[in-house]
Amino acid sequence: MEDFTEDVLAFVETVPPGRVVTYGLVADVLGRGGPRQVGRTMALEGPAVPWWRVVRANGTLPAHLMTDAQARWRTEGTPVVRGRVDVARALWTPDA
DNA sequence: CGTGTGACTGGGC
DNA sequence: GGCCCAGCCACAC
């Protein structure tokens, strides 16, 4: 099987601008791993992909990333409410 | 091969 | 709205 890391990065790259996916969704789509593994992978390889398109289930990200992420969401036109992603409207899935 | 650790999540109080 | 807890699995030691 492929490296978990490669799978995560490959999937994140397929997320279109203005849309986001949650950590749990990534793990679910890959069919393995879990939210924490996805998060750990992003912490290591995040800089190599559009990491701001991967958010927590509540539409936020760790404090040290919020500032940068908000600027990018604004640039891409991602649905944001009170500083956090409106997951209900922005969530993206390879199927839908 | 056992342990600790983590950009998480969902449920309970 | 918040805090705590248990489950999750890949990776480094």
Side-chain angles (χ1 to χ4, degrees):
Chain A
M1 61 186 194
E2 306 160 36
D3 289 319
F4 180 74
T5 300
E6 293 302 312
D7 278 352
V8 173
L9 299 182
F11 177 59
V12 173
E13 299 245 27
T14 68
V15 180
R19 291 284 174 279
V20 300
V21 290
T22 64
Y23 292 93
L25 178 61
V26 174
D28 188 51
V29 172
L30 297 184
R32 55 192 201 136
R36 306 196 57 149
Q37 286 57 259
V38 175
R40 214 174 73 82
T41 296
M42 293 307 288
L44 296 172
E45 306 296 328
V49 297
W51 54 265
W52 57 92
R53 292 179 195 155
V54 182
V55 303
R56 289 183 178 174
N58 68 352
T60 68
L61 280 177
H64 61 296
L65 296 174
M66 288 303 283
T67 304
D68 212 27
Q70 284 175 27
R72 297 197 182 263
W73 292 331
R74 185 162 51 98
T75 299
E76 299 187 348
T78 306
V80 174
V81 178
R82 284 159 40 192
R84 50 185 204 145
V85 176
D86 183 348
V87 180
R89 288 198 294 151
L91 190 62
W92 179 85
T93 59
D95 224 27

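Residues satisfying the side chain to side chain donor-acceptor pair (under 3.5 Å) test with W51(A), not counting sequence neighbours, are none. Remark: E13(A) pairs with no residue by the side chain to side chain donor-acceptor pair (under 3.5 Å) rule, at least two apart or across chains.
No side-chain donor from either of D3(A) and T5(A) sits under 3.5 Å from a side-chain acceptor of the other.
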Derivation and outcome, side-chain contact (heavy atoms from CB on, under 4.5 Å), residues V8(A) and M42(A): CA-CA 8 Å; V8(A) 173; M42(A) 293 307 288; 4.1 Å; yes
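One atom, CZ of F4(A), and another, P of dC8(C), lie 15 Å apart when rounded to the nearest Å. Atom pair E6(A):CD and dA10(C):P shows a separation of 15 Å (rounding to whole Å applied).
Between R82(A) and G34(A), it is R82(A) whose nearest contact on DNA chain C lies nearer the 5' terminus.
When atom types are taken as modelled, the side chain of W73(A) and the backbone of W52(A) share a donor-acceptor pair closer than 3.5 angstrom.
The CD atom of Q37(A) sits 13.5 Å away from the CG atom of D7(A) when rounded to the nearest 0.5 Å.
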I'd like a table of atom pairs between the protein and nucleotides 6-10 of chain B - only N or O on both sides, under 3.5 Å - with the distance next to each one.
| residue | atom | partner | partner atom | Å |
| --- | --- | --- | --- | --- |
| dG6(B) | N9 | R36(A) | NH2 | 3.0 |
| dG6(B) | N7 | R36(A) | NH2 | 2.6 |
| dG6(B) | N2 | Q37(A) | OE1 | 2.5 |
| dA7(B) | N7 | M42(A) | O | 3.1 |
| dA7(B) | N7 | A43(A) | N | 2.8 |
| dA7(B) | N6 | M42(A) | O | 3.1 |
| dA7(B) | N3 | Y23(A) | OH | 2.7 |
| dC8(B) | OP1 | R56(A) | NE | 2.8 |
| dC8(B) | OP1 | R56(A) | NH2 | 2.8 |
| dC8(B) | N4 | R36(A) | NH1 | 2.3 |
| dT9(B) | OP1 | A57(A) | N | 2.7 |
| dT9(B) | OP2 | A57(A) | N | 3.3 |

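For T5(A) and dA10(C), the shortest distance from a side-chain N or O to OP1 or OP2 is not below 4.0 Å.
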